[in-house]
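Naming convention: chains lettered A, B, ... in sequence-line order (proteins, then strands); numbering from 1 in each chain. Given the structure is predicted, the values throughout are model-derived calculations rather than measurements.
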There are 2 protein chains.
Amino acid sequence: MENRTVDTRERILDAAERLFMAHGYEGTSMRQITGEAGVNLAAVNYHFGSKESLMQEVFRRRLDWLNEERMRVLDTLEAEAGGEPVKPSAIVDAFFGTLLRMAGDENRGGMTFLRLLGRTLTEPSEFIRAFLAHEYKTVMDRYKEALFKALPEVPKAEIVWRFHFMLGATSYAIAGTDALRLVTDWQIEDEDSTDRLDRLVPRLMSFLLGGLRAQLPQF
Amino acid sequence: MENRTVDTRERILDAAERLFMAHGYEGTSMRQITGEAGVNLAAVNYHFGSKESLMQEVFRRRLDWLNEERMRVLDTLEAEAGGEPVKPSAIVDAFFGTLLRMAGDENRGGMTFLRLLGRTLTEPSEFIRAFLAHEYKTVMDRYKEALFKALPEVPKAEIVWRFHFMLGATSYAIAGTDALRLVTDWQIEDEDSTDRLDRLVPRLMSFLLGGLRAQLPQF
DNA sequence: TTATGATTCATACGTTCGTTTTAATCATAA
DNA sequence: TTATGATTAAAACGAACGTATGAATCATAA
């Protein structure tokens, strides 16, 4: 009773992840999912109960690892710092770099999951927003505190906003990678798609840190 | 034959704009739209032909003005500069500031349209992506060139990427304003919602400029 | 006032949606 | 080998979807 279940569940999750990424939650039907997964239509309701629960499981499968990893990395950084503030660049890398490096790990969803996450953050159905709120809260609070400590001269409200902006830039950098290329018809010469991710990380990190440490606005 | 048509069309466009923003394109039905607009179900197909055409008209109604305004402002800046490069901060403000200031103008869609635009850029159905590509291309190219000229020491590819990141931060700052508050349970104290937009603009501008002018990444 | 074209209305069409049901098939323990 | 529970399979459910139709109603010009 083991192998069949695991296979079917995973095949459904993989197909759902890809299709939700490509067409969104509302734009993807159960028949598309089960068709692509090569399983019976009723299998989703049998294994997950409903389409909503399936969506949640798609996220949980990836986010559980991501959030644990983010916690673990920050634990290490703070232990190494021994009470002193952790460098902002290290905090930013621990949060966003960890996320981006998932894109290179197909076992953890790779680029597909990251693009799904990116687009979901701006199209939150009520039920998935509530779910993400619960999944994210603890980690967010930890990183927020770390940034407060690392940047004592920057008002806390400003740091919160800038964290917000960093999340946006990152989401979009991933979710919109293909979309924007079409929109703007920009040519990023001299790079094939394997290069692109390796170079995206330092590029985005420079941008994020520049924004985080920018001159404070005068109202 | 004038007043009824205009009223009905506008009522439909207003309702569609709000509902597409709140629930997405696929998540909004014709019956919701016509119900909220207080018009007959068949009115959408009569006036716009189809749901897709309605979506396009929702965007066109706002983007036509926005793109003209962006062109006009950049024309003025370049005329004032008289052949010299325009300051990066002025270019960024012309592009993103013009967008953000739409949020305060209810006659141009206000915050509702901006949030719709933000979420649509990361959930591009094929048909709307092609539409946005056409609407945006000319303006994008103009601004891209202006930034190349303003930042001759920064590689063009880097500027393109950073434009990309700036778009993301901005989209998200608007589209996710309410969403992220719930996700993170952050408290932005001492600000009511009327203040928020006035303060968002300089905050975001500081961040964007910091990112645009950040130290170049070393690969 | 009447004729005409534009618009609104009620209603129905055919599809597709998520879900449920009931029976068949499978893997495993006794 | 047989009994049992887990899984898969085929089929159908009612509801909601976008769209189309034809009659009713409206505003306007002759």
For the pair [X] and [Y], find out whether any cationic side-chain nitrogen is under 4.0 Å from an anionic carboxylate oxygen.
| X | Y | result |
| --- | --- | --- |
| A:Glu69 | A:Arg101 | no |
| B:Asp141 | B:Lys144 | yes |
| A:Arg72 | A:Asp75 | no |

The complete set of salt bridge (Lys or Arg N to Asp or Glu O under 4.0 Å) pairs with one or both residues in residues 28-57 of chain A, sequence neighbours excluded, reads A:Arg18-A:Glu36, A:Glu57-A:Arg60

Using only side-chain N and O atoms of A:His47, determine if any of them is under 4.0 Å from OP1 or OP2 of D:dT8. yes

Phosphate-side-chain proximity, B:Thr8 and C:dT8, N/O vs OP1/OP2 below 4.0 Å: yes

Can you list the residues that meet the ring-ring contact (aromatic ring centres under 6.0 Å, His included) rule with B:Phe48, with sequence neighbours excluded? none

Secondary-structure stems for DNA chain C, with pairs counted as Watson-Crick or G-U when both distances are under 3.5 Å and runs at least 3 long: C:1-30 with D:1-30

Are B:Leu63 and B:Leu66 close enough that some pair of their side-chain heavy atoms sits under 4.5 Å apart? yes

State, yes or no, whether a side-chain contact exists between A:Phe20 and A:Phe113 at a heavy-atom distance under 4.5 Å. no

Could you go through residues 102-110 of chain A and list every donor-acceptor pair under 3.5 Å that involves a side-chain atom there, pairing it with any protein atom two or more places apart or in another chain?
{"from": "A:Asp105", "atom 1": "OD1", "to": "A:Asn107", "atom 2": "N", "distance (Å)": "3.0"}
{"from": "A:Asp105", "atom 1": "OD2", "to": "A:Arg108", "atom 2": "NH1", "distance (Å)": "3.3"}

Contact check, residues 12-21 of chain B vs DNA chain D, heavy-atom distance under 4.0 Å, returns none

Can you confirm if the aromatic rings of B:Phe95 and B:Phe163 lie within a centre distance of less than 6.0 Å? yes

Is the distance between the ring centroids of A:Tyr25 and A:Phe127 under 6.0 Å? yes

How close or far is atom C1' of D:dG18 from atom CE of B:Met55, stated in whole angstroms? 16 Å

Would you mind reading off the distance between A:Asn40 atom CG and D:dT8 atom C1', rounded to a whole angstrom? 6 Å

Reading nucleotides 18-24 of chain C from 5' to 3' and marking B where a protein heavy atom lies under 4.0 Å of the base, S where only the sugar-phosphate is that close, and - otherwise, the string is BBBB---

